[in-house]
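Take a look at the structure set out below.
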2 protein chains.
Amino acid sequence: MEETENDKRKCPAHMSGEQCTKALLPVKDALDVLSGKWKLQIILSLTFGKKRFKQIQREITGLTPKMLSKELKDLEINDLAIRKVYDTTPVIVEYELSPYGRTLKPLIGELHKWGTKHRKRIISR
Amino acid sequence: MEETENDKRKCPAHMSGEQCTKALLPVKDALDVLSGKWKLQIILSLTFGKKRFKQIQREITGLTPKMLSKELKDLEINDLAIRKVYDTTPVIVEYELSPYGRTLKPLIGELHKWGTKHRKRIISR
DNA sequence: TATACCGGTATACTTAGGGAAAGCGATTTG
DNA sequence: CAAATCGCTTTCCCTAAGTATACCGGTATA
């Protein structure tokens, strides 16, 4: 069995295997931003306006403060959400989606589109 | 601090909290299909043509046969990849992306687009 | 006959993600 | 004064995901 010909199709002629996997890095980045059990729900929650910590937690059943805290930090680090601390007594903390965070919308839209079709396809079998 | 007004913005007027989270299900489905450490690379590998088991494994450094086997089964279950067994001696098994699997391309394209911008944004700080 | 390749499986292990529960300082509410 | 709310953090634990390693029957190759 000769494979020399087959192996030529590993990658397109103009890119090496390394370049191929490099092209995947941004895809993984995007996936990372949305991955995890709660991020999507939190993002969704924030698309409807500013929210306080406990308010988000109340909305999303099962979400523990530990996870919420962690995920909000992740969103902040990625510039997707903004944390605002108001100097009141007691202190008030509000989270909101950043303008940049809103650029996720079309992406999530695409995921929703494909996912809906997929759901139908898998269920109807 | 009154919150009655704030709480009204939890979800858009026309949908309940439950409907909101239901809308997320297909998004999660789409994410699931691409999640895991190896799936993207395997899909990428298959976009360049039919591949045999060992051939894929050789291409993707670090990928163990156990994981490859598992991921390929996942792809098959989701109709994204096709497994073809040729009745030769020794038997030859080839994997390829299904036409349906190729419908992932625009989605991955979007992920790539957003991810590229994000990568630049995060690195330049 | 020995070695290597094929397409995987089986077993044991480590790591990462997430859940449960408690607690903290500050403050308001009864 | 007691209890509750806010915005968290800490600790411990469990499970799922992934790794390492060995192995299998069959075949081809030196």
Side-chain angles (χ1 to χ4, degrees), chain A residues 1-7 21 24 28 31-43 45-46 50-78 81-96, chain B residues 1-7 10 24 28 31-43 45-46 50-78 81-96:
Chain A
M1 173 68 50
E2 40 175 302
E3 283 184 15
T4 44
E5 281 310 313
N6 266 334
D7 281 342
T21 56
L24 278 183
K28 285 186 181 173
L31 244 25
D32 273 358
V33 158
L34 299 174
S35 77
K37 192 170 176 183
W38 304 106
K39 260 186 212 112
L40 268 175
Q41 286 180 80
I42 294 170
I43 290 171
S45 163
L46 292 182
K50 298 181 183 182
K51 297 280 171 68
R52 296 177 62 175
F53 190 91
K54 285 285 177 185
Q55 203 175 350
I56 301 171
Q57 204 195 327
R58 259 181 263 118
E59 275 179 36
I60 303 175
T61 55
L63 177 53
T64 63
K66 175 188 167 184
M67 290 311 292
L68 178 53
S69 171
K70 189 212 143 207
E71 301 290 33
L72 285 172
K73 275 173 193 162
D74 276 8
L75 292 177
E76 240 200 303
I77 285 172
N78 284 310
I82 300 171
R83 186 182 125 115
K84 280 188 182 159
V85 183
Y86 295 94
D87 195 11
T88 53
T89 54
V91 74
I92 289 177
V93 182
E94 277 188 346
Y95 295 90
E96 62 180 314
Chain B
M1 175 66 50
E2 38 177 302
E3 282 183 15
T4 44
E5 281 310 314
N6 266 334
D7 281 339
K10 284 203 314 190
L24 279 183
K28 285 185 180 172
L31 245 24
D32 273 357
V33 158
L34 300 175
S35 76
K37 192 169 174 183
W38 304 105
K39 262 189 208 106
L40 268 175
Q41 286 180 78
I42 294 171
I43 290 171
S45 164
L46 291 182
K50 299 181 184 182
K51 297 279 170 70
R52 298 177 63 174
F53 190 91
K54 287 284 178 187
Q55 203 175 350
I56 301 173
Q57 203 195 328
R58 258 182 264 118
E59 275 180 37
I60 303 175
T61 55
L63 177 53
T64 61
K66 178 186 169 186
M67 289 310 292
L68 178 54
S69 172
K70 189 214 142 206
E71 301 289 34
L72 284 171
K73 275 175 192 161
D74 276 8
L75 292 176
E76 241 199 303
I77 285 172
N78 285 310
I82 300 171
R83 187 182 124 116
K84 280 187 182 159
V85 182
Y86 296 93
D87 196 10
T88 52
T89 53
V91 72
I92 287 178
V93 183
E94 276 187 347
Y95 294 90
E96 61 179 314

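Residue numbers start from 1 in every chain, and the chains themselves are labelled A, B, ... in the order their sequence lines are given, proteins ahead of strands. The structure displayed is predicted, hence computed values, not measured ones. As a basis for the values below, the full set of heavy atoms in this structure was taken, side chains included, without hydrogen atoms, waters or symmetry mates.
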Inset, instruction - Specify the residues of residues 66-75 of chain A, ordered by number, for which at least one heavy atom lies under 4.0 angstrom from an atom of DNA chain D. - result: A:K66, A:S69, A:K73

Inset, instruction - Write down the distance between CZ (A:F53) and P (D:dC6), rounded to a whole number of angstrom. - result: 11 Å

Inset, instruction - Could you check how far CD of A:Q57 sits from P of D:dT9, rounded to whole Å? - result: 13 Å

Inset, instruction - Just call it for B:P65: base, sugar-phosphate, or nothing, with non-hydrogen atoms closer than 4.0 Å on any strand. - result: base

Legend entry - Value rounded to 0.5 Å, distance of CG in A:L46 from CG in A:L72: 7.0 Å

Inset, instruction - Sorted by first residue and then second, give each side-chain hydrogen bond (donor to acceptor under 3.5 Å, both in side chains) pair with at least one member in residues 84-93 of chain B; sequence neighbours left out. - result: B:K84-B:E96, B:Y86-B:E94

Legend entry - Interatomic spacing from CD in B:E71 to CG in B:L75 - rounded to 0.5 Å: 7.0 Å

Legend entry - Expected output: side-chain A:Q55 to main-chain A:R52 donor-acceptor under 3.5 Å: yes

Inset, instruction - Let me know the distance between NZ of B:K84 and C1' of C:dG7, rounded to the nearest Å. - result: 18 Å

Inset, instruction - Find which nucleotide of DNA chain C each of A:S35 and A:T89 is nearest to by heavy atoms, and output the residue with the more 5' nucleotide. - result: A:S35

Inset, instruction - Work out which heavy atom in A:L40 is nearest to a heavy atom in A:L34; give both atom names and the distance. - result: CG-O, 4.2 Å

Legend entry - For atom CG of B:D87 and atom C1' of C:dC6, their distance in whole Å: 15 Å

Inset, instruction - Take atom CG of A:L40 and atom P of C:dG17, then tell me their distance rounded to the nearest Å. - result: 16 Å

Inset, instruction - Taking only Lys NZ, Arg NE, NH1 and NH2, and the carboxylate oxygens of Asp or Glu, determine whether B:K51 and B:E59 approach each other closer than 4.0 Å. - result: yes

Inset, instruction - With heavy atoms under 4.0 Å as the rule, sort A:G36 into base, sugar-phosphate or nothing. - result: sugar-phosphate

Inset, instruction - Select one nucleotide: of C:dG19, C:dT27, C:dG8, the one nearest the side-chain heavy atoms of A:W38. - result: C:dG19

Inset, instruction - Answer yes or no: does a side-chain N or O of B:Y95 lie under 4.0 Å from OP1 or OP2 of C:dG8? - result: yes

Legend entry - Rounded distance in Å - CG (A:D32) to P (C:dG17): 9 Å

Inset, instruction - Verify the contact: side-chain N or O of B:R58 to OP1 or OP2 of C:dC6, cut-off strictly under 4.0 Å; return yes or no. - result: yes

Inset, instruction - Would you indicate which nucleotide in D:dG7, D:dT19, C:dG8 comes nearest to any side-chain atom of B:K37? - result: D:dT19

Inset, instruction - Report yes if a side-chain nitrogen or oxygen of A:R52 is closer than 4.0 Å to either non-bridging phosphate oxygen (OP1 or OP2) of D:dG7; otherwise report no. - result: yes

Legend entry - Separation of A:K39 NZ from B:L31 CG (nearest 0.5 Å): 10.5 Å

Inset, instruction - May I have the distance from B:Y86 (atom OH) to C:dC6 (atom P), rounded to whole angstrom? - result: 17 Å

Inset, instruction - Whole angstrom is fine here: how far is it from NZ in B:K54 over to C1' in D:dG26? - result: 14 Å

